Amino acid sequence: MNNKEVVRVLVTIADLLEIKGENMFRVRSYRNAAATIDGLLVSLELIAETDEDRLEDIPGVGKAIHGKIIEILASGSCALLDDLTSELPAGLLDMLGVSGLGAKKVKLFYQSLGIDTVDDLEEAALEGRLRDLPKMGEKSEQKIVKAIERYRRTQKSSKRFRLDSATAIAAEVTEYLSGVEGVETVEVAGSLRRWRESVGDIDILVTGQDGTAVMDAIAAYSEVVEVIGKGDTKTSVLLAVGNTRLQIDVRFVEGASKGAALNYFTGSKEHGVALRGRAKRMGRKLSEYGVFDEETGSQLAGGDEVEVYKALGLPYIEPELRENRGEIEAAEKGELPCLITEADIRGNLHMHTTASDGANTIEEMARAAIVTGYEYIAITDHSKASGIAGGLDEKELLKHINDINVVARKLKDEGEELIILKGTEVDILANGVLDYSDELLSMLDCVVGAVHSGFDMEGERMTARIIAAIESDMLNILAHSTGRLIGAREPYDMDMNAVMDVAAEFGVAMELNSYPQRLDLKDIHCRMAKDKGLLISIATDSHSTGTFSNMTYGVHTARRGWLEKQNILNTRALGELLKILKKDR
DNA sequence: GCCGTTTTCGGCCCGACTGTTTTCAGTCG
């Protein structure tokens with residue numbers, strides 16, 4: 001029973017209580033607790049095992065929810081949820097997933113017409129049976145039919161977008177809106193500005209002279225297939241992206257509110273709620289228009305985001321930290337991390353060449369690294385067990401080492417300063433043994449280890465497998481540790497806490513793989529690693545020269561994990577790096 | 001249901017858009 005499952009139960013309870021018409025503050029309590037637990041670093045099970053009372057140290061968890069968590073951990077459910085589900089059909093939860101429908105409407109349809117599935121709702125809307133209900137009309141029916149179409153579409157495809165595709169689309173829309181007359185600034189906000197690993201929509205903030213011109217422009221954008229809502233300052237549209245749809249929300253404010261609007265629009269929702277609560281306690285009011293004195297109504301800040309935080313008695317908080325995971329408390333105490341930046345990165349310790357499954361030669365990769373500005377790289381082609389990826393056998397690896405030396409010498413003769421480390425991405429076999437002998441691995445500068453097979457191995461065996469590889473004491477870096485592919489493959493079952501403890505003991509760094517489909521470790525794992533004193537290697541796992549630029553996704557994910565320069569292996573100067581890689585041997 | 005630099009009771013974030021209304025509730029972010 002992991003945290004995610006507890007979150008799911010708490011959210012379901014909140015949804016059902018809301019449909020029942022329970023006190024909204026009680027409903028919110030369950031949502032708050034769920035949101036906090038979702039961002040928790042440690043597993044609830046671990047807390048409950050060691051000291052149950054510490055569950056109430058979690059903000060938003062009091063006596064009642066504490067009890068529910070214990071129940072859920074033990075049985076996967078709790079008496080309250082069981083009561084609610086016996087009272088209300090499960091289909092109501094699906095109906096809640098239809099955009100534009102909230103608890104009140106779902107309850108109305110259920111109680112007055114007995115509608116308890118999305119299919120029934122669609123039928124009723126098409127037959128015109130909803131229009132006579134209070135606060136309902138023909139237009140509402142049409143809206144519901146449309147919303148159900150969208151609901152079905154998102155059910156079929158994965159409804160979240162990868163960071164790289166969302167970034168590209170946002171850039172196009174930004175450029176388009178910048179060309180609208182009277183527009184002064186256009187900025188990407190929302191989860192994309194926070195560099196979440198995937199985004200559900202794109203939020204864009206525009207400032208300038210004329211809001212209606214901006215609203216008209218986005219509604220008329222060539223890729224738009226549907227306008228969901230359009231007002232004087234806010235418009236939502238759907239873009240066609242392949243056979244799926246991406247929602248874009250555009251918001252307009254005047255320059256004097258830009259900072260406050262950017263803050264509001266960047267979120268996260270939980271961060272914003274916490275800030276507005278804080279403002280209120282200070283006798284101030286925070287909205288997208290600024291920080292205001294509640295008594296006099298005068299504006300204290302608004303145009304600049306730094307000033308907004310200042311008016312709330314806080315230093316500036318970087319967008320990546322705004323998840324209400326302790327950043328406001330850290331800011332209060334002056335203990336915000338000094339986040340790593342891309343400029344701190346000195347090298348890249350995971351990449352492939354034509355020797356295995358890469359598209360470019362050693363020399364091409366090296367020259368691209370020089371252009372990127374790296375001081376060092378590690379060439380880490382696959383080992384023999386990865387046959388499909390052209391993994392090298394022992395003889396080929398020896399030749400490969402020689403080939404790297406030849407390129408290194410050639411570049412040195414040309415006066416280049418790039419250092420090329422000889423490495424491997426060695427398979428961690430099913431029994432935890434590495435795919436090359438210790439003798440061979442000892443000849444290399446940088447040993448990156450990874451699991452490439454048997455992903456569906458049961459958790460205890462997978463954990464033991466990886467720990468055995470670390471305990472061989474031949475690994476420098478554990479690569480893409482969970483094996484997940486965002487939206488495509490679940491992380492494999494393993495005990496991250498246990499793996500990290502052993503990695504810390506053996507001086508093994510954990511990789512943050514910057515490939516936008518991986519981002520593995522993910523943000524909260526990075527923070528966990530930091531707490532355990534582990535080093536992180538932010539690497540691109542490049543299979544061609546064109547993908548070094550993915551480093552930016554890795555760096556920003558590291559920032560989401562509160563990482564600083566000193567937490568990162570590849571921010572070290574060469575001498576220090578080599579010392580760490582040699583593990584004093 | 002949770003919480004407290006004013007509180008153990010009485011609060012609990014703020015505003016835009018929509019469709020239905022004659023002044024606002026529901027939903028969303």
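Computed from a prediction, not measured in an experiment: that's the story for all the values here. So you know, we letter chains A, B, ... as the sequences are listed, proteins then strands, and number each from 1.
Within 4.0 Å (heavy atoms only), A:Ser236 reaches no atom of the nucleic acid at all. Among the heavy atoms of the strands, none lies under 4.0 Å from A:Ala279.
Rounded to a whole angstrom, the distance from the C1' atom of B:dC12 to that of B:dT6 is 16 Å. Taking atom P in both B:dG11 and B:dC17, the straight-line distance is 31 Å, to the nearest Å. Straight-line distance between the C1' atoms of B:dT27 and B:dC13: roughly 16 Å, to the nearest whole Å. Nucleotides B:dT5 and B:dG1 are separated by 24 Å at their C1' atoms, to the nearest Å. As rounded to the nearest Å, B:dC2 and B:dT8 have C1' atoms that lie 12 Å from one another. Taking the P atom of each, B:dT20 and B:dG15 are spaced 26 Å apart, rounded to whole Å.
Look at B:dC28: its Watson-Crick or wobble partner, with both distances under 3.5 angstrom, is B:dG15.
One finds a side-chain N or O of A:Lys104 lying less than 4.0 angstrom from the OP1 or OP2 phosphate oxygen of B:dG26.
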Enumerate all atom pairs, one protein N or O and one N or O from nucleotides 5-7 of chain B, separated by less than 3.5 Å.
none

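Salt bridge status for A:Arg322 with A:Glu305: present, with a side-chain N to carboxylate O gap under 4.0 Å.
Nearest-nucleotide positions on DNA chain B place A:Lys63 closer to the 5' end than the other of A:Lys105 and A:Lys63.
Atom CG in A:Asn32 sits about 9 Å away from atom P in B:dC3, given to the nearest Å. Following rounding to the nearest Å, A:Ile65 (CD1) and B:dC3 (P) show an atom-to-atom distance of 9 Å. In this structure, CD1 of A:Ile248 is placed 14 Å from P of B:dG29, rounded to the nearest angstrom. Distance CG (A:Leu192) to C1' (B:dG29): 16 Å, rounded to an integer number of Å.
Side chains of A:Tyr289 and A:Gln299 form no contact here, defined as non-hydrogen atoms less than 4.5 Å apart. Annotation: side chain of A:Arg131 is not in contact with side chain of A:Ser140 (no heavy-atom distance under 4.5 Å). At least one side-chain heavy atom of A:Glu342 sits less than 4.5 Å from a side-chain heavy atom of A:Thr552. Between A:Val173 and A:Tyr221 there is a side-chain heavy-atom pair separated by less than 4.5 Å. Within the 4.5 Å cutoff, side-chain heavy atoms of A:Met528 are placed close to those of A:Met496.
Residue A:Glu5 holds its CD atom at 10.5 Å from CD1 of A:Ile72, rounded to the nearest 0.5 Å. Here CD1 of A:Ile148 is found 8.0 Å from CG of A:Leu126. Values are rounded to the nearest 0.5 Å. Atom OG of A:Ser86 and atom CG of A:Leu81 lie 9.5 Å apart (nearest 0.5 Å).
Contacts between residues 122-147 of chain A and DNA chain B, defined by a heavy-atom separation under 4.0 Å, are made by A:Lys135, A:Met136, A:Gly137, A:Glu138, A:Lys139, A:Ser140, A:Lys143.
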Reading nucleotides 9-17 of chain B from the 5' end, what letters show protein touch, with B for base, S for backbone sugar-phosphate only, - for no heavy atom under 4.0 Å?
-> ---BBSSSS
Going through the distances and angles, do A:Arg28 and A:Glu18 end up as a salt bridge (Lys or Arg N to Asp or Glu O under 4.0 Å)?
-> CA-CA 9 Å; A:Arg28 192 187 292 172; A:Glu18 195 179 352; over 6 Å; no
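Judged by distance alone, the side chain of A:Arg484 and the main-chain N or O of A:Gln517 form no donor-acceptor pair under 3.5 Å.
Nearest approach of A:Ala311 to A:Ala301, heavy atoms of both residues: CB-CB, 3.9 Å.
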